[in-house]
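Hydrogens, waters and symmetry mates are skipped; everything else that's a heavy atom, side chains included, is used. Chain identifiers are assigned alphabetically (A, B, ...) following the order of the sequence lines, protein sequences preceding nucleic acid strands; residue numbering begins at 1 within each chain.
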Protein chains: 2
Amino acid sequence: MPTNVAAARLVLEGVKAACSNCNLRELCLPIGIEPADLRKLDELVSTRRRMKRGDYLYRAGQGFESIYAIRSGFFKTDVLIEDGRDQVTGFQMTGELLGLDGISSEVHTCNAIALEDSEVCAIPFSQLEGLSRQIHTLQHHFHKVMSREIVRDHGVMMLLGTMRAEERLAAFLLNLSQRFKARGYSPAEFNLRMSRDEIGSYLGLKLETVSRAFSRFQEEGLLSVHQRKVRILNTAGLRRLMTHQRSD
Amino acid sequence: MPTNVAAARLVLEGVKAACSNCNLRELCLPIGIEPADLRKLDELVSTRRRMKRGDYLYRAGQGFESIYAIRSGFFKTDVLIEDGRDQVTGFQMTGELLGLDGISSEVHTCNAIALEDSEVCAIPFSQLEGLSRQIHTLQHHFHKVMSREIVRDHGVMMLLGTMRAEERLAAFLLNLSQRFKARGYSPAEFNLRMSRDEIGSYLGLKLETVSRAFSRFQEEGLLSVHQRKVRILNTAGLRRLMTHQRSD
DNA sequence: CCCCACGTTTGATCCACGTCAACCCTGTTC
DNA sequence: GAACAGGGTTGACGTGGATCAAACGTGGGG
């Protein structure tokens, strides 16, 4: 585990939040921002919040004030309706933003829950709007992030609307893999932070179906699974499976 | 292939658009903008584009430059992947914005197709960013619109992930009804602009299933359907059906 | 007016996934 | 180290919606 360079760097960081010396700035909001402007951003992103596994970052119905950048850790967001149904709408990892759903009505519309001990930077939204009126690149980057979220959601709609169980799981794993890779972790071997049930909720499947799909992938030599430890053995095979031709 | 697109561009005639005297400004971007600022917006939203049923407003892969406000008409957006599968990601009507997905990568990620003769206002995006740096309320309103799109997508994910066929159709019809109502049309009686197949694609169902659900609703006296003409007879009943308790 | 094309409806059958239930792991508590 | 809890796996069976197929409008064109 100390093989993990990114994690090791995190531990060396001071407590004071500062985008200017955050090693995530290539992934997070400050992308492409001038050093001078970065200092202004530092003032804005002044509070960090440490959270334990299971803690709620915010809840549906709560007033919206800030968006959050994940400095370390892993989250899920979910929506639930009166009759008890719920749906995991996303899993978020280091460098990603949480809370964008709250802008529309000044109220959070989903729950955000830490799936492991985590740390986030709170970014007061009205101040972010203020600063992005001054800093062109910040404004544009923020718009890109929101748009990317919309595109991502369309991908999930595609998945839920047209794919079968194994295709969904393959797509999910490849997506995770690619995001770990982008953060300097192994794309082939990683620990799932979520339960079979949570994966199922995200993919529109029951946990038994998720479990069976995992077993099947293992039988076919596409990956090995032990509990939440996954090692991808055949990326191409997974990709092929995901894009498998249907009998149209 | 660009026959449609080229044709549509030709129609990009110099019809003078003007938000300030557009009767949609309560629904569209200019919400809550001062008269003085509204004039600046007028300059920005200078080109209208007239489209016929079936025309593409933009295609996946095309470069992104503008977002579009629907002045009149009805659109669908869809994504498709290599293996032939496609998914309708949304239906858009008067006053709604199209093209937000393109911001993230400067390229449109879906197709936008007119489902009836329509007219849109093109809004060059870089200019919109410029103006929203000057006009707070425009900036904030734009952020709200993007956020609302994200919330809407979460609703669709919920629908696709947890609801059964009849619940999905009920949710879909109630949503349409409510949007027609917001535009001053009858919430109880309207014409569907899309085929059973397109509804099915949006709801993650086959057209036969959509058709059967319509028939069932009619048998139960919830609505009457003739072709694409729908009249809702029992809104409460539909709502009850949508939120029906599952055997948990 | 008839014909053709295309979207829609309806019926019969099939199958992927849900449901229910038993059992198994692994980690934790006393 | 026995007992327990919570997640995960596996099997047997049921079912909602897909698939296949046929017939039915409706509207446009000759």
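- Under 4.0 Å is where a charged nitrogen must lie from a carboxylate oxygen, and between A:R212 and A:E219 no such pair does.
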Less than 3.5 Å apart, which donor and acceptor atoms pair up between the side chains of residues 148-161 of chain A and the rest of the protein, not counting sequence neighbours?
unit_1	atom_1	unit_2	atom_2	d
A:E149	OE2	A:R152	NH2	3.2
A:R152	NH1	A:Y202	OH	3.2
A:R152	NH2	A:T89	O	3.0

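- Here B:E119 does not pair with B:R49 in a salt bridge; the nearest charged N to carboxylate O distance is not below 4.0 Å.
- Residues satisfying the side chain to side chain donor-acceptor pair (under 3.5 Å) criterion with A:N111, sequence neighbours excluded, are A:D78.
- At distances below 3.5 Å, at least one donor-acceptor pair connects side-chain atoms of B:R193 with backbone N or O atoms of B:N191.
- Between B:R228 atom CZ and C:dC6 atom P the separation is 14 Å, expressed in whole Å.
- The shortest heavy-atom contact between A:R183 and A:T94 is NE-O, 2.6 Å.
- Applying the side chain to side chain donor-acceptor pair (under 3.5 Å) rule to A:T109 yields the partners A:D101; only residues at least two apart in sequence or on another chain are considered.
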Taking N or O atoms only and anything under 3.5 Å, show me the protein contacts with nucleotides 21-27 of chain C, one pair per line.
none

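- A:G200 comes within 4.0 angstrom of no nucleic acid atom, judged by non-hydrogen atoms across all strands.
- Looking at residues 209-217 of chain B, you'll see B:T209, B:R212 sit with a heavy atom under 4.0 Å from some atom of DNA chain D.
- Comparing the local axis fitted to the first five base pairs of the helix from C:dC1-D:dG30 to C:dC30-D:dG1 with the one fitted to its last five gives a bend of 30°, rounded to 10°.
- A salt bridge is absent between B:E116 and B:R53: the closest approach of a Lys/Arg side-chain nitrogen to an acidic carboxylate oxygen does not fall below 4.0 angstrom.
- Under the 6.0 Å distance and 45° angle rule, B:R59 counts as a cation-pi partner of B:Y56.
- A:L207 comes within 4.0 angstrom of a nucleotide base, judged by non-hydrogen atoms across all strands.
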